[in-house]
Amino acid sequence: MNIQLDAHGQELMAQFRERLPLLQQLEQEAFNYLTRSLQQQGIYVTGIEHRVKTEESLAGKLELKGSKYRSIDDITDLVGLRIITFYTDDVDKIAAIVKNAFDVDWQNSVDKRKLHQLTSFGYNSLHYICKLPKTVVDNPAINNIRFELQMRTALQHVWSTIEHDTGYKGSVQLPKEYRRQFGRLAGMLELIDDEFSRLRTTLSEYRRQVQALVKSGKLEEVPLSEETFRSFVELQPFERLNQRIAAVNQAEIIPASPMPFLSLLKSFQIETLKDLEDFIAENAEDAYQLAVSQLAVTDLDILSENVGLQNLCFVHVLKNGGGCPGVKKVYDKIYGKQEGNAVLAEMLMKQAANLPFMQNSSLLND
């Protein structure tokens, strides 16, 4: 790349080289502080990019418009950071954090999202020109250097990269039909970006409604799903049964996720949380008796938090004529298919054989 700088451009480049160590320190300090600030607020982003402008990039800029800069201090993007988010509404949340974290030069900052140009989707970033406050680094030589901080979504970032890669913003004027195609694609991506944010808001509202229904006890209105099952489990519906079972051997109950049981419960035609509540009520006593029959021949003093739910499933299968194959399917579903599952199923059948709910001879069929 053959770049010819005039005397003023060469002077600015010399100033840049002299200041480079300070720019590199600023870059790292700003990145570390920004990362901490986002983490403290519990904000998750897909990435944070940071860099000091290269000599080649600066030379290209100075060749084109070096005359507009009186000194190197007038160039505000020598240090640049870019925050990439998943959702458009997260950009504004992060902007609020940035306002509190850095000293923002509002006169030179710009919200490019308000430009609304047809093909500007990839450039719809929020750009703040900032300084590092003395509370982070108390060094005037660093505190007085301005840097650029961009905030954009992942789709905007990808589109910007595509535009750069295809040369859309290059010096060669593209034919009208190609520019129109770029415009259509940009519009589609902007719509997708907005719809993802809208969908997240809708799902968050749905979760709040579900949690409210669960807490109010209106379980018949709540379909069984991964989200609703999690909310239901927070009410500790298996706690009483677990404590009764643990008391047999004075056992300790250790935490365990009940989520592997969800698909099994659905296979029992349990469609709502009310169905699940009825399932527990109908089988709890028999599940306790089954657990007692198992623990009576052991000295186990540590039990999984799923012990009650597991026995509820076994009882349901046996009551509905599933027999030994049905019990094995429960083991396969929860723990994965293993050779030992058939042996475990046979043992459980023997332990359950004399229990009251098994006295109907039709339930003993394998």
- Could you state whether Ile84 and Val158 fall into the same hydrophobic cluster, counting links through intermediate Ile, Leu, Val, Met, Phe, Trp or Tyr residues with side-chain heavy atoms under 4.5 angstrom apart? no
- Message: Any carboxylate oxygen within less than 4.0 angstrom of a Lys/Arg side-chain nitrogen, looking at Arg230 and Glu226?
- Response: yes
- Salt-bridge test for Lys274 and Asp278: reply yes if a basic N is under 4.0 Å from a carboxylate O, no otherwise. yes
- Message: If hydrophobic clusters are built from ILVMFWY residues whose side chains come within less than 4.5 Å, do Phe261 and Ile254 share one?
- Response: no
- Between Asp332 and Lys328, is there a salt bridge with N-O shorter than 4.0 Å? yes
- Task: Can you measure from CG (Asp77) to CD1 (Ile129) and round to the nearest 0.5 angstrom?
- Result: 7.5 Å
- Are Val317 and Ile270 connected, step by step, through hydrophobic side chains (Ile, Leu, Val, Met, Phe, Trp, Tyr) whose heavy atoms are closer than 4.5 Å? yes
- Query: With no hydrogens and no angle check, do the side chains of Thr228 and Ser225 hold a donor and an acceptor under 3.5 Å apart?
  - Reply: yes
- Note on the structure: Correct closest heavy-atom pair for Ser304 and Ala256 would be OG-CB, 3.4 Å
- Query: Which heavy atom in Thr298 sits nearest to a heavy atom in Asn249, and how many Å separate them?
  - Reply: O-ND2, 3.6 Å
- Task: For residues Asp138 and Asn143, determine if any side-chain heavy atom of one lies less than 4.5 Å from a side-chain heavy atom of the other.
- Result: yes
- Message: Do Arg19 and Asp73 make a side-chain contact, defined as non-hydrogen atoms from C-beta onward lying under 4.5 Å apart?
- Response: yes
- Message: Between Gln28 and Gln24, does the side-chain hydrogen bond (donor to acceptor under 3.5 Å, both in side chains) criterion hold? Intermediate values first, please.
- Response: CA-CA 6 Å; Gln28 196 58 52; Gln24 292 170 337; over 6 Å; no
- Are the charged groups of Glu49 and Arg82 less than 4.0 angstrom apart, N to O? yes
- Task: Take Thr85 and Thr153, measure what side-chain contact (heavy atoms from CB on, under 4.5 Å) needs, and give me the verdict at the end.
- Result: CA-CA 5 Å; Thr85 73; Thr153 68; 3.9 Å; yes
- Message: Given 3.5 Å as the limit, does a donor-acceptor pair link the side chain of Arg200 with the main chain of Glu195, or not?
- Response: no
- For the ring pair Tyr87 and Tyr44, is the centre-to-centre distance below 6.0 Å? no
- Task: Decide yes or no for Glu29 and Ile142: does some side-chain heavy atom of the first lie under 4.5 Å from some side-chain heavy atom of the second?
- Result: no
- Give a yes or no answer on whether the side chain of Ser197 reaches the backbone of Thr88 with a donor-acceptor pair at less than 3.5 Å. yes
- To the nearest 0.5 Å, what is the distance between CG (Asn242) and OH (Tyr288)? 12.5 Å
- Heavy-atom count around Arg240 CZ within 6.0 Å, excluding the residue itself: above 12? no
- Item | Interatomic distance, Leu348 atom CG to Glu346 atom CD [nearest 0.5 angstrom] | 11.0 Å
- Message: Quick one about Glu285 and Gln289 (side-chain donor to acceptor, distance below 3.5 Å, no hydrogens or angles considered), yes or no?
- Response: yes
- Item | Within 6.0 Å of OH in Tyr33, more than 12 heavy atoms from elsewhere | yes
- Is there side-chain contact between Asp286 and Pro356, with heavy atoms separated by less than 4.5 Å? no
- Item | Rounded distance [0.5 Å steps], CZ in Phe31 versus CG in Leu81 | 8.0 Å
- Heavy-atom side-chain contact between His50 and Phe147 under 4.5 Å: no
- Item | Validation row: Phe16, Ile75 side chains within 4.5 angstrom (heavy atoms) | no
- Task: Start with the C-alpha distance between Lys61 and Tyr69, add both sets of side-chain angles, then the distance that settles side-chain contact (heavy atoms from CB on, under 4.5 Å), and finish with yes or no.
- Result: CA-CA 11 Å; Lys61 186 168 191 171; Tyr69 304 117; 3.1 Å; yes
- Tightest non-hydrogen contact, residues Arg70 and Leu12, listed as O-CD2, 4.1 Å
- If you measure from the Lys or Arg side-chain nitrogens to the Asp or Glu carboxylate oxygens, is any gap between Arg152 and Asp193 under 4.0 Å? no
- Note on the structure: Residues Gly336 and Asn341: closest non-hydrogen pair is O-ND2, 3.0 Å
- Item | Exam field: side chain Asp6 to backbone His8, donor-acceptor pair closer than 3.5 Å | yes
- Query: So, does Glu148 use its side chain to make a donor-acceptor pair with the main chain of Gly80 at under 3.5 Å?
  - Reply: no
- Message: Quick check against the 3.5 Å criterion: does Asn139 have a side-chain atom that pairs as donor or acceptor with the backbone of Ala141?
- Response: yes
- Side-chain donor/acceptor of Asp301 to backbone N/O of Gln250, under 3.5 Å: no
- Query: Of the non-hydrogen atoms in Thr46 and Ala154, which two are nearest, and what is the gap between them?
  - Reply: CG2-CB, 4.4 Å
- Message: Under 4.5 Å between side-chain heavy atoms, counting indirect links through other Ile/Leu/Val/Met/Phe/Trp/Tyr residues: same cluster for Phe279 and Met259 or not?
- Response: yes
- Which pair of heavy atoms, one from Glu27 and one from Val79, lies closest together, and at what distance? CA-CG1, 3.8 Å
- Message: Side chains of Phe102 and Tyr128, heavy atoms from C-beta outward: is any pair under 4.5 Å?
- Response: no
- Given Leu241 and Leu312, is the side-chain contact (heavy atoms from CB on, under 4.5 Å) satisfied, shown in steps? CA-CA 10 Å; Leu241 176 57; Leu312 285 167; 3.8 Å; yes
- Measure the shortest side-chain to side-chain distance between Ile334 and Leu264 over non-hydrogen atoms and say whether it is less than 4.5 angstrom. yes
- Message: Would you say NZ of Lys93 has more than 12 non-hydrogen atoms from neighbouring residues, nucleotides or ligands within 6.0 angstrom?
- Response: yes
- Note on the structure: dist Leu155:CG -> His157:NE2 (nearest 0.5 Å) comes out at 11.5 Å
- Query: In Å, rounded to the nearest 0.5 Å, how long is the span from CD1 of Ile94 to CG of Leu126?
  - Reply: 10.0 Å
- Co-membership, hydrophobic cluster, residues Val330 and Val343, 4.5 Å side-chain: no
- Message: Show, in sequence, the C-alpha distance, side-chain angles and deciding distance for Phe268 and Asn320, and conclude whether the side-chain contact (heavy atoms from CB on, under 4.5 Å) test is met.
- Response: CA-CA 10 Å; Phe268 296 159; Asn320 287 275; over 6 Å; no
- Task: Would you indicate whether Asp299, at its atom CG, is surrounded by more than 12 heavy atoms from other residues, nucleotides or ligands within a distance under 6.0 Å?
- Result: no
